[in-house]
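Beneath this line is the structure, given in structure tokens, with notes to follow.
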Protein chains: 2
Amino acid sequence: MRPNKRDELVRKALQVFYRDGFHATGMDKLVVETGVSKTSMYKHFRTKEELILAALQLRDENFRKWFLQRVDELSDTPAEQLIASFDVLGEWFQEDSFRGCMFIKAGAEYQEQDHPIHVQAAEHKHLMLEFLTDLARKAGARDPDALGCQLLLLQEGAIVTAVLVKSCDPARDAKAAAQVLLDNVLA
Amino acid sequence: MRPNKRDELVRKALQVFYRDGFHATGMDKLVVETGVSKTSMYKHFRTKEELILAALQLRDENFRKWFLQRVDELSDTPAEQLIASFDVLGEWFQEDSFRGCMFIKAGAEYQEQDHPIHVQAAEHKHLMLEFLTDLARKAGARDPDALGCQLLLLQEGAIVTAVLVKSCDPARDAKAAAQVLLDNVLA
DNA sequence: TTGAATGTGTACAGATCGGTAACCTTTTTC
DNA sequence: GAAAAAGGTTACCGATCTGTACACATTCAA
């Protein structure tokens, strides 16, 4: 593999960006944390922004692959998988390294609608929405688009709440709410 | 009023922080945007962090006052007010200056659980949760805490989605979901 | 064996970061 | 009217920011 170091740079940079934030992470810190020299970084990526975009892309691939696989492992039918997705969220929340959703944070730090980082964050959310909408359709929901959106709201809300509100168990509450919404639409 | 300029400084700083983010807003930019000299700033606030905390406190007061008042104007009964709160969210989303929830962003930029800014962001969310839980109790919900949490999830999710997902109408979808959850618990 | 490609270390440029010192002007208060 | 509080101006500190220049080491393939 030629671009070996490059992949490792992106992998480690992703961890630091996720842990500390984007503006709060300087290139010098990345040199220390990744062990890759600054000169090499700027040979692979012309700007910090390009490195962030690469990290976000990797995060999207890793996260969605893990998420979809776990959902698939937990349940068989589309309806059950929609519910199981909230158990997967719960698993995520309990990881030590959990620090909220990287794409929500990216969209928050780069707010301009047409900023490449904001756009990429939005694309991830669209893919997650698509996943839910597809399952809703396969489950036979009356209005799959509406149900998909509503379940996405619950998921996003659960993620944000898991970060900020310690008095809640967002994964449990969201799962219960999702069950009610699903029953209401399938019955 | 003695601390007149101070209040105006906080008011304008709040706008800039909300628009551009915290790390992305330097004190020099604040000098230009607020018209207050840097020396004056540092006479009122010893650090940038103190200024951010003051801005967040003002935001909490302003936002909650506005939100609760609008909910009260739109409906009379607790159950109706729970639903109406999603219409108020919709009004917020359509403001030109809407840039998401300042406290979600604050919690995202300052992730350490015990960081003063993170703590203050969490307090705002707890107050919003309390508001919903109280209404749920008055509305006669079976488990007001659970319903309050679930409605909070929908609200937080709607805010995040309003920022990142343009193909949805989060306020409408969240309102419909809230109605289902409410009916399920009151019936 | 030569020569790209790919890597590193170091030093630096120019801007900006949060924060301060010293001095002057305006406004308020007694 | 004088003292004192508050605000402004200018210049600066050391640190850090993104990004670059240059010289040197490693790998690997023709």
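Residue numbers start from 1 in every chain, and the chains themselves are labelled A, B, ... in the order their sequence lines are given, proteins ahead of strands. As the structure is a prediction and not an experimental result, all values here were calculated from the model.
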Mind checking what makes ring pair (Phe, Tyr, Trp, His ring centres under 6.0 Å) contact with B:H126, not counting sequence neighbours?
-> none

Crowded around B:R64 CZ? As in, over 12 foreign heavy atoms under 6.0 Å?
-> yes

Donor-acceptor contact below 3.5 Å, side chain B:K12 vs main chain B:E33 = no

Fit a plane to each ring of A:H124 and A:F103, take the angle between them on a 0 to 90° scale, and name the class: parallel (under 30°), tilted (30 to 60°) or perpendicular (over 60°).
-> parallel

Below 3.5 Å, does any donor atom in the side chain of A:T39 face an acceptor in the base of C:dG9, or the other way round?
-> yes

Are any side-chain N or O atoms of B:Y18 and backbone N or O atoms of B:G100, one a donor and one an acceptor, separated by less than 3.5 Å?
-> yes

To the nearest angstrom, the CG-C1' distance between B:L9 and D:dA6 comes to 13 Å

Would you say a side-chain N or O of A:H44 is under 4.0 Å from OP1 or OP2 of C:dG7?
-> yes

Using a cut-off of strictly less than 4.0 Å between a heavy atom of the residue and any atom of DNA chain C, enumerate the qualifying residues of residues 20-38 of chain A by number.
-> A:G35, A:V36, A:S37

Nearest-Å distance, OH (B:Y42) to P (C:dA21)?
-> 13 Å

Of A:K48 and B:S40, whose nearest nucleotide on DNA chain D comes first from the 5' end?
-> B:S40

Should we say atom CD of A:Q94 is surrounded by more than 12 heavy atoms from elsewhere, each under 6.0 Å from it?
-> no

Between CE of B:M41 and P of C:dG19 the distance, given in whole Å, is 12 Å

With respect to the side chain of A:K43, which nucleotide from D:dG19, C:dT8, D:dG7 is positioned closest?
-> C:dT8

